[in-house]
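For ligands, and for the atoms within them, numbers begin at 1 and follow the listed sequence. Only this structure's heavy atoms are used, side chains among them; waters, hydrogens and symmetry mates stay out. Keep in mind it's a predicted model, so treat the numbers as computed, not measured.
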Amino acid sequence: MKLLEERIVKDGIVRDGGVLKVDNFLNHQIDVELLNEMGAEWKRLFSDAQINKILTIEASGIGIACIAAQHFGVPVVFAKKARTKNIDGETLSTTVHSFTHGRDFDVMVAKRFLTPGDRLLIVDDFLANGCALNGLIDLANQAGATVEGIAIAVEKGFQGGGDALRERGFKLESLAIVDSMDPKTGSIEFRS
Ligand code: 5GP
């Protein structure tokens, strides 16, 4: 998606350790109009899929998922990173290694919000090694739900998580795929 690539070039900051900071428009300050265009593009890319729910993970996925959900006309469920007293009833849980925090989190979803009939679109801001997505896929599998597709804003292609998921047969649509980036020069190469 040209619009997102241009915005990454304009406002993205390449950090050491393979980290791309996009907190000017995606991760801290949020450009809602850009998110709306991203939602419209995913709706076009997944027009053939029967999706009844979007699944994401807190925190950065939630805003993106909610705007996308307006294009699909479906609710959003987000996996929570901590056990809170606010979750009633049975839960599904899995462990996710966080690329940005460098540690493991238990994430959970109330069982009543993910059910065997659900046909899910999984949405997230970044795809690096695929740990967050593997956790969400695990929750979907535990629920007996079907993953119809995966929608990602920025995939870091050089970390391989996306290619592994494509090899497993998932329909994965990343709106920008960064194939290389250089913290010294700030240059960013996209997959065409
Ligand atoms: P993965 O689980 O695929 O290794 O990493 C994806 C998760 O880590 C995303 O949910 C995202 O929040 C975070 N993440 C991974 N790489 C980056 C990055 O370069 N920049 C930012 N802002 N977040 C990242």
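At a threshold of 4.5 Å between non-hydrogen side-chain atoms, the residues Leu120 and Leu136 do not count as touching. Contact of the Ile137 side chain with the Leu165 side chain is registered, since non-hydrogen atoms from C-beta on lie closer than 4.5 Å.
Glu167 meets the salt bridge (charged side-chain N to carboxylate O under 4.0 Å, His left out) test with no other residue; sequence neighbours excluded.
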Intermediate values then yes/no, salt bridge (Lys or Arg N to Asp or Glu O under 4.0 Å), Arg166 and Glu155: CA-CA 12 Å; Arg166 288 185 187 92; Glu155 175 180 340; 2.7 Å; yes
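Protein residues lining ligand 1, listed by chain and number: Gly18, Val19, Leu20, Asn27, Phe99, Thr100, Asp124, Asp125, Phe126, Leu127, Ala128, Asn129, Gly130, Cys131, Ala132, Lys156 [non-hydrogen atoms, distance under 4.0 Å].
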Identify every side-chain donor-acceptor pair in residues 52-63 under 3.5 Å, counting partners at least two apart or on other chains, and give the distances.
{"residue": "Asn52", "atom": "OD1", "partner": "Arg119", "partner atom": "N", "Å": "2.7"}
{"residue": "Asn52", "atom": "ND2", "partner": "Asp118", "partner atom": "OD1", "Å": "2.9"}
{"residue": "Lys53", "atom": "NZ", "partner": "Phe113", "partner atom": "O", "Å": "2.8"}
{"residue": "Lys53", "atom": "NZ", "partner": "Asp118", "partner atom": "OD1", "Å": "3.4"}
{"residue": "Lys53", "atom": "NZ", "partner": "Asp118", "partner atom": "OD2", "Å": "2.9"}
{"residue": "Thr56", "atom": "OG1", "partner": "Val123", "partner atom": "O", "Å": "2.7"}
{"residue": "Glu58", "atom": "OE2", "partner": "Lys81", "partner atom": "N", "Å": "2.7"}
{"residue": "Ser60", "atom": "OG", "partner": "Asn27", "partner atom": "ND2", "Å": "3.4"}

Taking distance alone, no hydrogens or angles, what donor-acceptor pairs closer than 3.5 Å link side-chain atoms of residues 42-51 to residues at least two apart or in another chain?
{"residue": "Arg44", "atom": "NE", "partner": "Glu41", "partner atom": "OE1", "Å": "3.1"}
{"residue": "Arg44", "atom": "NH2", "partner": "Glu41", "partner atom": "OE2", "Å": "2.8"}
{"residue": "Ser47", "atom": "OG", "partner": "Arg44", "partner atom": "O", "Å": "3.2"}

